[in-house]
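Structure in structure tokens, see below.
Hydrogens, waters and symmetry mates play no part in the numbers below; they use all other heavy atoms, side chains included.
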Amino acid sequence: MEQKVQTYFDLKQQQKDIEQQLSVLRDEIVAYCAEQGVYETQVGAYTVKTVLQNRKEYDDQKLYASLPDPDIWRLLSKVDSHKLKSLIKLNILSEEQINPACTVKQVTLLQVDKL
């Protein structure tokens with residue numbers, strides 16, 4: 001069992017290292033595309049595509065203050081975009097009610113495919 005625990009620990013360390021390397025490479029590739037002024041390009045045998053996406057982030061305190069009924073907070077318990085979308089879809093909340101608690105963050109997604 002000790003060997004399994006050690007292997008798990010070692011793999012988690014490798015995963016952290018790989019995720020760090022991926023993050024650095026991703027940032028460099030996205031910066032390259034931005035410098036070139038392109039959203040899609042071919043690099044060798046790979047197609048590189050960047051996609052701009054807006055993500056909503058909510059402030060817990062502002063959101064709580066904007067809710068018409070404090071009991072709704074129990075349905076959320078923690079801000080979860082999917083739960084919020086469901087409550088809006090069910091007409092329990094409206095976009096206008098929660099708008100003051102929301103900021104939109106632009107994120108660039110990176111997709112690399114082999115030709």
Keeping Ser23 on the side-chain end and Glu19 on the backbone end, is there a donor-acceptor pair under 3.5 Å?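 It does not hold such a pair.
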Which pairs would a plain distance check flag for residues 45-56, meaning a side-chain donor or acceptor within less than 3.5 Å of a matching protein atom at least two apart in sequence or in another chain?
{"unit_1": "Thr50", "atom_1": "OG1", "unit_2": "Tyr39", "atom_2": "O", "d": "3.4"}
{"unit_1": "Gln53", "atom_1": "OE1", "unit_2": "Arg55", "atom_2": "NE", "d": "3.3"}
{"unit_1": "Lys56", "atom_1": "NZ", "unit_2": "Glu95", "atom_2": "OE1", "d": "3.1"}

Is there a donor-acceptor contact under 3.5 Å from the side chain of Gln15 to the main chain of Asp17?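 Judged by distance alone, no pair lies under 3.5 Å.
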Single-linkage hydrophobic cluster Leu25~Val43, side-chain heavy atoms < 4.5 angstrom: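 No.
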Just how far is it from atom CD1 of Ile92 to atom CD of Gln97, taken to the nearest 0.5 Å?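 The CD1 atom of Ile92 sits 10.5 Å away from the CD atom of Gln97.
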Could you tell me the separation between the CD1 atom of Ile29 and the OG1 atom of Thr41, rounded to the nearest 0.5 Å?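 Going from CD1 on Ile29 over to OG1 on Thr41, the span is 11.5 Å.
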Rounded to the nearest 0.5 Å, what separates atom CG in Asn99 from atom NZ in Lys62?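 If I round to the nearest 0.5 Å, the distance is 11.5 Å.
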Qualifying residues under side chain to side chain donor-acceptor pair (under 3.5 Å), relative to Lys16, sequence neighbours excluded: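 Once residues adjacent in sequence are excluded, Lys16 has no partner under the side chain to side chain donor-acceptor pair (under 3.5 Å) criterion.
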Output the distance between atom CD1 (Ile98) and atom CD1 (Ile88), rounded to the nearest 0.5 Å.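 Those atoms lie 3.5 Å apart.
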According to a hydrophobic-cluster definition based on side-chain heavy atoms being under 4.5 Å apart (Ile, Leu, Val, Met, Phe, Trp, Tyr only), do Leu93 and Leu90 belong together?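 Yes, same cluster.
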Got a second to check how far Leu11's CG is from Gln6's CD, nearest 0.5 Å?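 The distance works out to 10.5 Å.
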